[in-house]
Amino acid sequence: MSQGQRGTWGSGPGFILAATGSAVGLGNVWGFPTQVGQGGGAAFVLVYLIAVVFVCAPILLGEVLLGRYAQLGPAGAVRKIIPTGPWWVIGALAVAAGTFILSFYSVIAGWTVQYLWLAVTSGLEAGPEGATALFGDVSANGLRNIAFTGFFLAATAWCVRRGIQRGIEAASRIMMPVLFVLLVILAIRSVTLPGAGEGLAYYLRPDLSQVLDIGIIGAAVGQAFFSLSLGMGALVTYGSYLKRRQAARSPALAIVGIDTTIALLAGFIIFPAGFSIAGFDPTSGGPGLIFAVLPQLFATLPGGLIFGAAFFLLLSLAAFTSTISLLEVPVAHAFDRWNWSRSKAVLVVTLFTFAFAIPSVLSFSGVPILANLPVIGGTFFDLMVNVWNEWALPIGGMLLSLFIGWIWGKKKAGAELSLDGAGFPSPALFGFLIRFVSPAAIALLIILRIVG
Ligand code: PFF
């Protein structure tokens, strides 16, 4: 992409909104509670928070600084700093992660749109059995899900092809605050339900023996990367649309704070409401957890269906601002590297993604080989989530932190941070975290998971 075509954010808040739009999505409202449910409740939450502060926040700031400095996406930024050598892997991983994450993400986004449709047209089943059966029906209908996934991908492609700034910046400006207010209302309702205390204990009181469970640590670190859109250069790409004199440090901190707050809020909604339902087992929900719990929560509110419809509308939009950034990474690469036109890049990447979304959709419709993979076990959908969230993003994050800390180097990265003036973290603290703490923590995790 030539500099003229790349464009820049209209304003500092525009960047914060778009980057927060990328970060806040299904990962917060669907992924976080699902993973807490599967992985040990409060122990998961504690590890997650530690990972966000010590491992992820420095990498997030590093990604934005790298993008702002190079004025290029991840592959271009790496090449600008060191034209030869093995670091091209960062760019390759980014393109692959963007494409494959989009392929399963759009499946869940398709369910969200269907729940919106149901809330508006026929209402959502509220009884415990009804709600679980409804999710079963929605997720099992292969053809309908292929259509909704395709629709979501097509809408994303349309937006990315047009260039994103005016639509997305403007939409996020209204949508994010409304989503936040709605989440707060639902959380208040949820924690005041009879029986909510058990859910709060599950969510907030960690079983310390589980904090050292390597499976839980791996899932929590992976979830933190996913939720912050980290490890695949999405924030390098968005940072590259900043002007050199626009701030990077405080927006980076704001993105981390907002994203984490929204994930925590989602937990305050799902677990108290879930435990208020007799016989609730958070581990058995799987990907359907929030879809089974939420309709029952809406039913306890006056005008519940309006809440339901508003909630699924906002969740669909939050997913949309995330899918745009997922698609933007491979598209910008095809543009930058192979000189494709934006239209061609969007078309090719979208079709490829759609082809890979189909087996994820069909994992839920009783296609035996996809519902229980030979040798590995589990569904094709689970395999995708596991490979890309729990492995590819942390590995990408480790490579990026090593690259920023050691190849670009603490002096130059620190000088880029100093353009923002004095503040927290200082260049020295940032250099320490990105050179030692983040990469060592991820490396240790990877080694323990391989040997364990
Ligand atoms: N952060 C998004 C979410 O939490 O839903 C998912 C995501 C978007 C991951 C963009 C990675 C990315 F580049």
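Atoms within a ligand are numbered from 1 in the order they appear, just like the ligands themselves. In this chain, residues are counted from 1 in sequence order.
Here W117 and F148 keep their ring centres 6.0 angstrom or further from each other. For F356 and F352, the ring centers sit closer than 6.0 Å to each other.
At least one heavy atom of L326 sits closer than 4.0 Å to an atom of ligand 1.
Against a heavy-atom cut-off of under 4.0 Å, L26 is close to the following atoms of ligand 1: 5 (O). Interface atoms of ligand 1 facing S227, defined by a heavy-atom separation under 4.0 Å, are 1 (N), 4 (O). Of all atoms in ligand 1, numbered sequentially from 1 with element shown, those under 4.0 Å from a heavy atom of N28 are 4 (O). Each of the atoms 1 (N), 2 (C), 8 (C), 10 (C) of ligand 1 lies under 4.0 Å from some heavy atom of S22. Close contacts of ligand 1 with G27, meaning ligand atoms under 4.0 Å from a residue heavy atom, involve 3 (C), 4 (O), 5 (O). Residue M232 has at least one heavy-atom neighbour below 4.0 Å for each of these atoms of ligand 1: 11 (C), 12 (C), 13 (F).
Under the salt bridge (charged side-chain N to carboxylate O under 4.0 Å, His left out) rule, D420 has a single partner from R68, R244, R249, R245, which is R68.
Taking atom 5 (O) of ligand 1 as the reference point, the nearest protein heavy-atom neighbour is Y105 OH, 2.5 Å. The protein non-hydrogen atom at the shortest distance from atom 9 (C) of ligand 1 is F226 O, 3.4 Å. Of all protein heavy atoms, the one lying nearest to atom 11 (C) of ligand 1 is S229 CA, 3.5 Å.
You'll find the side chain of V293 stays beyond 4.5 Å of the side chain of F135, heavy atoms only. Counting heavy atoms from C-beta outward, L417 and L61 have side chains that approach closer than 4.5 Å.
Using the six-membered ring where Trp is involved, Y238 and Y241 have ring planes that are tilted, between 30° and 60° apart. Ring geometry for W30 against F381 counts as perpendicular: the plane angle is over 60°, on a 0 to 90° scale with 30° as the lower cut. Taking the six-membered ring where tryptophan is involved, the planes of W111 and F291 are perpendicular, since the angle between them exceeds 60° and thus also 30°.
Of the candidates A23, A318, A234, G21, the one placing a heavy atom closest to atom 3 (C) of ligand 1 is A23.
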